[in-house]
Amino acid sequence: MAAFKRLVRFAQGEASYFGELLEADGSAYTVKKFLGDPFVKLETTEEVVKIEKLLCPLASTPIIICIGLNYKSHAEEAKLAVPKYPAVFVKPADALTGPTDEIPVHSDARPMLDFEGELGVVIGKDAKNVTEAEALDYVLGYTASNDVSARNFQLPEASGGQFCYAKSFDKFAPIGHAIVHPGQLPDPIASRITTKVNGEIKQDSNTDDMIFGVRQIISHLSRGTTLRKGTVIMTGTPSGVGYFRKEFLQGGDVVEVEIEGVGKVRNVISHSD
């Protein structure tokens, strides 16, 4: 695995680079530049740069795999029984976007637009039939993420119980701002996770409320199935989503998901088209 602690990605001229995040001061970042990429090899340089905007920490992903109903508090608010195995659905690669990018929302997806703050896991090397004991050996790092959801397409009468379409619109999966090496955090991870809309806290929980931990999720997902390097796993959301509040996102709303010690995404909902 790559020798980094807090991996970020940034633009310099016409090119993009990875780097070690040394300091964050508001919207200004001090980064030590790397050459290469974390899935092959990163080479340290002595160049330190000041950055005003961080890119999505991944240039691309093969797939985004999501876990539903994975916080005890969320299962309680939804009044749903905890399943024997993790509930799994996916988002396509083009749902991926960066920590400060605008999220354009198609007019048909606007009536019940919702947020889901989640811990993201990035797979660092291809994994298949991985045991729980060895699962973290395949993790590049952790990141903050938002499983943006068009609930009007998720309702049973609209979806037949299939979640994918409601969550698969372009840029419905912001991640960032960094990818934190698993060695920088406790195992199992126990970090406060909050979601704010226009500065008001809507979700406030801890990743230790997860029903299935990161090791269990990776082992389950890799059973007879190859998880390709660069895969993003969104591990589920705590209670407080807009659907149960009867509060939905509007154009211009600012949604922030922050995970203590991991990262933060801050995205504006756009109705510009």
Side-chain angles (χ1 to χ4, degrees), residues 9 27 53-69 74 77-78 87 89-120 143-177 193-203 232-259 263-273:
R9 186 168 154 266
S27 59
K53 176 181 172 64
L54 294 176
L55 303 176
C56 181
L58 295 176
S60 63
T61 181
I63 195 170
I64 301 161
I65 304 177
C66 304
I67 306 299
L69 206 69
H74 186 46
E77 78 172 349
F89 58 95
V90 299
K91 290 175 178 270
D94 285 335
L96 187 71
T97 196
T100 59
D101 293 338
E102 280 194 352
I103 299 175
V105 183
H106 189 280
S107 57
D108 291 344
R110 294 172 187 173
M112 301 176 72
L113 190 71
D114 208 349
F115 52 83
E116 292 191 5
E118 310 200 8
L119 173 70
T143 192
S145 65
N146 183 1
D147 175 13
V148 183
S149 306
R151 301 290 190 203
N152 58 307
F153 287 115
Q154 190 178 346
L155 297 172
E157 59 269 27
S159 69
Q162 299 296 314
F163 294 173
C164 295
Y165 183 78
K167 295 164 175 282
S168 291
F169 292 82
D170 287 357
K171 297 193 174 185
F172 267 30
I175 70 169
H177 61 289
I193 176 171
T194 59
T195 302
K196 297 178 182 178
V197 178
N198 301 325
E200 182 179 346
I201 292 179
K202 302 295 184 179
Q203 294 182 287
V232 176
I233 302 171
M234 292 185 169
T235 59
T237 196
S239 62
V241 296
Y243 179 79
F244 294 107
R245 295 173 174 272
K246 304 304 178 187
E247 300 172 1
F248 298 107
L249 298 172
Q250 307 297 318
D253 282 352
V254 179
V255 185
E256 300 171 82
V257 176
E258 185 168 8
I259 302 178
K264 178 179 179 179
V265 296
R266 182 183 187 276
N267 306 94
V268 177
I269 302 301
S270 174
H271 288 184
S272 60
D273 60 334

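Here the structure is a predicted model, which is why all the values come from computation and not from measurement. Reckoned from all heavy atoms, side chains included, excluding hydrogens, waters and symmetry mates.
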Candidate pair Asp114 and Gln154, rule side chain to side chain contact (heavy atoms under 4.5 Å, CB included), full reasoning: CA-CA 11 Å; Asp114 208 349; Gln154 190 178 346; over 6 Å; no
Worked check of side chain to side chain contact (heavy atoms under 4.5 Å, CB included) between Arg266 and Val254: CA-CA 7 Å; Arg266 182 183 187 276; Val254 179; 3.6 Å; yes
Side chain to side chain contact (heavy atoms under 4.5 Å, CB included) assessment of Thr237 paired with Phe115: CA-CA 9 Å; Thr237 196; Phe115 52 83; over 6 Å; no
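In terms of heavy-atom proximity, Ile193 sits nearest to Leu119 at CD1-N, 4.1 Å. Between Glu116 and Arg151, the closest heavy-atom pair is OE2-NH2, 2.8 Å. The nearest pair of heavy atoms linking Gly176 to Val265 is N-CG1, 3.4 Å.
Here the side chain of Asn152 pairs a donor or acceptor atom with the backbone of Asp108 at under 3.5 angstrom.
Between the CG atom in Leu249 and the CE atom in Met112 there is a gap of 12.0 Å [rounded to 0.5 Å]. To the nearest 0.5 Å, atoms CG (Asp253) and CG (Asn198) are separated by 4.5 Å. Note: Ile259 CD1 to Thr195 OG1 = 8.5 Å, rounded to the nearest 0.5 Å. For the atom pair CZ (Phe89) and OG (Ser168), the distance works out to 8.5 Å, reported to the nearest 0.5 Å. Taken to the nearest 0.5 Å, the CG atom of Leu113 stands 8.0 Å off from the CD1 atom of Ile103. Distance check, rounded to the nearest 0.5 Å: NZ of Lys171 to CG of Asn267 gives 9.5 Å.
Taking the side chain to side chain contact (heavy atoms under 4.5 Å, CB included) definition, one finds that Leu55 meets it with Arg9, Ala11, Ser16, sequence neighbours left out. Applying the side chain to side chain donor-acceptor pair (under 3.5 Å) criterion to Glu256, with sequence neighbours excluded, gives Lys264. In this structure Ser159 satisfies the side chain to side chain contact (heavy atoms under 4.5 Å, CB included) test with no other residue, sequence neighbours excluded. The side chain to side chain donor-acceptor pair (under 3.5 Å) test applied to Glu157 returns no partner, not counting sequence neighbours. Under the side chain to side chain donor-acceptor pair (under 3.5 Å) criterion, Lys91 pairs with Asp147, not counting sequence neighbours. By the ring pair (Phe, Tyr, Trp, His ring centres under 6.0 Å) test, Phe172 pairs with Phe169, sequence neighbours left out. With sequence neighbours left out, the ring pair (Phe, Tyr, Trp, His ring centres under 6.0 Å) criterion links Phe248 to no other residue. Under the rule for a side chain to side chain donor-acceptor pair (under 3.5 Å), Thr61 has no partner lying at least two apart in sequence or in another chain. Under the side chain to side chain contact (heavy atoms under 4.5 Å, CB included) criterion, Arg110 pairs with Val105, Ser107, His271, Asp273, sequence neighbours left out. Among residues two or more places apart in sequence or in another chain, the side chain to side chain contact (heavy atoms under 4.5 Å, CB included) test is passed with Gln162 by none.
A heavy-atom distance below 4.5 Å is found between the side chains of Val148 and Pro174. Side-chain contact between Cys56 and Ile175 is present, with heavy atoms from C-beta onward closer than 4.5 Å. When side chains are defined from C-beta on, Val241 counts as touching Glu77, because their heavy atoms get closer than 4.5 Å. A heavy-atom distance below 4.5 Å is not found between the side chains of Cys66 and Lys167.
Sequence neighbours left out, the pairs with a member in residues 236-251 that pass salt bridge (charged side-chain N to carboxylate O under 4.0 Å, His left out) are Lys202-Glu247.
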Please list every donor-acceptor pair under 3.5 Å in which a side-chain atom of residues 92-100 meets a protein atom from a residue at least two apart or in another chain.
residue	atom	partner	partner atom	Å
Thr97	OG1	Asp101	OD2	2.9
Thr100	OG1	Lys53	NZ	3.1

